[in-house]
Protein chains: 2
Amino acid sequence: MSDETASRPGTRRGPYAKSTRRQAEIVASATSVFSERGYRGGSLREIAKQLDASLTSVVHHFPSKSALLVAVLENADSAHADAFQEDSRHQGVAYAVLRYVRRNIDRPEMLRLLALMAAESSASDHPAHEWFRHRYELTIGILANAVRRDQEEGRVANTRDPRGIAESLVALWDGLQLQWLIDPQRDLVAAMTAALKDLLGPKAIPGP
Amino acid sequence: MSDETASRPGTRRGPYAKSTRRQAEIVASATSVFSERGYRGGSLREIAKQLDASLTSVVHHFPSKSALLVAVLENADSAHADAFQEDSRHQGVAYAVLRYVRRNIDRPEMLRLLALMAAESSASDHPAHEWFRHRYELTIGILANAVRRDQEEGRVANTRDPRGIAESLVALWDGLQLQWLIDPQRDLVAAMTAALKDLLGPKAIPGP
DNA sequence: GTCTATACCCGGATAGAC
DNA sequence: GTCTATCCGGGTATAGAC
């Protein structure tokens, strides 16, 4: 919102530079708080305290707690999503998915937050509803394209429509992730690998 | 807690009868409130108001909001879980799963609540953590048995270990359900049927 | 534009009287 | 068992200082 002017260098960037920096700090603090205490558990007051700022200062930059949450999600997920898209384009679906899994296994709190918010945001009046809807739409689209490419190259044996397969893949990932979050004893990578083999065929799985 | 004396009939059963009845009323009220407003959105005060009772009266029977939630979940899920087990024993996995899906498609609010609480309860210190852990363990176990039976009878082509398949089935269900909750336009039954066919083989799918 | 202080209303939890 | 009263902490809205 305040980036339009900042994106035009040379005009004025003084007053906004501090603001965007402050916003980034708030997002970082919110990420750590939400990751530890969850969304419900984490309070704006605690986020502010971490920055030696006041509550209203936080509210000034993000009009509501949910707006801040969306910023956190966006920021946390964008890097991983980009890498995923890159992988899927060059190395095939299974490779991309498994790398995505491996990358995410180190930040269970973040996954917990994403899973929690996805469920919570399923209510159509939730502030993050549209964000998640769009996110799923995007992810499934990207995956569907990658699946189609793999089908054409003979890497994926399953001949079902790519979009349906993509939906199943996302579902599998969400579901296995949930089981793993509830019981960390489970081997998430192994489970995902086996499921991928069932869904895509053995040739789709990359070597160890 | 108050059942020990009640389990000895003939001595005194008057005072406790009213209590258990009251508890059932509270659970019913909580179910409707949680289903409409969600867990976070629903308040104990509103639950009490529906019964023309006060907040502390509710708290007296259920020491915390989360304890009440667990009672709600237990009560709401038991009937469906029993039917599922029955079906899987007699008609095969795919049939049981699809009937479970069809049965649940009429109560999206309840599914939303279950999905939300499953995610939230993944935190190990959550009041409902153990309940969900046990629920998943149980569901997967039942499914694994059914899968093994179907494999032996040649109804399921997939030769992977039954437990792994069962985990994938649960994950698929949770994941597709989530996508459907976020975007009700999707055809949950069709998606689940197609995924089942991929995972179990075409012979496992019952006719229309 | 940025930040602060204050106040409001609602949430869950607790103590004590009846 | 049920109530009233109270506490503390949460998100939010407003007024005002720099």
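Here is the naming used below: chain letters follow the sequence lines, and residue numbers restart at 1 for every chain.
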Worksheet item: Is A:Arg133 salt-bridged to A:Glu130, cutoff N-O under 4.0 Å?
Response: yes

Worksheet entry | Separation of C:dT2 P from A:Ile26 CD1 (nearest whole Å) | 11 Å

Worksheet item: When rounded to the nearest 0.5 angstrom, what is the spacing between CZ in A:Arg186 and CE in A:Met192?
Response: 15.0 Å

Worksheet item: What integer distance in Å separates B:Arg45:CZ from C:dG12:C1'?
Response: 7 Å

Worksheet, complete the sentence: Taken to the nearest whole Å, NZ/B:Lys65 to C1'/C:dG11 is 8 Å

Worksheet item: B:His60 has a side chain; which of D:dG1, C:dA13, C:dT2 sits nearest to it?
Response: D:dG1

Practice prompt. For A:Gly41, report the nucleic acid contact type (base, sugar-phosphate, nothing); a contact means any heavy atom under 4.0 Å.
Written response: nothing

Fill in: Phosphate OP1/OP2 of C:dG1 contacted by A:His61 side-chain N/O (<4.0 Å)
no

Practice prompt. Considering just the side-chain nitrogens and oxygens of B:Ser54, establish if one lies under 4.0 Å of OP1 or OP2 belonging to D:dT2.
Written response: no

Worksheet entry | Atom-to-atom span, CZ of B:Phe62 to P of C:dG12 - whole angstrom | 15 Å

Worksheet, complete the sentence: Taken to the nearest whole Å, CZ/B:Phe34 to P/C:dG12 is 8 Å

Worksheet item: A:Thr56 near the nucleic acid: base, sugar-phosphate alone, or nothing, with a heavy-atom cut-off under 4.0 Å?
Response: base

Fill in: Distance test, side-chain N/O of A:Ser19 to OP1/OP2 of C:dT2, below 4.0 Å
yes

Worksheet entry | Side-chain donor-acceptor pair present, A:Asp150, A:Tyr95, cut-off under 3.5 Å | no

Practice prompt. Name the nucleic acid region contacted by A:Ser57, choosing base, sugar-phosphate or nothing; use a 4.0 angstrom heavy-atom cut-off, strictly under.
Written response: base

Worksheet item: Using a distance-only test with no angle check, is there a side-chain donor-acceptor pair under 3.5 angstrom linking B:Gln50 and B:Ser29?
Response: yes

Discussion item. Quick check: do A:Gln151 and A:Pro162 have side-chain heavy atoms less than 4.5 Å from each other?
Written reply: yes

Discussion item. Without decimals, in angstroms, what is the distance between B:Lys49 NZ and D:dC3 C1'?
Written reply: 16 Å

Fill in: Spacing of B:Asp52 atom CG relative to D:dC3 atom C1', expressed in whole Å
14 Å

Practice prompt. Measure the distance from CZ on A:Arg40 to P on C:dC10 and round it to the nearest whole Å.
Written response: 19 Å

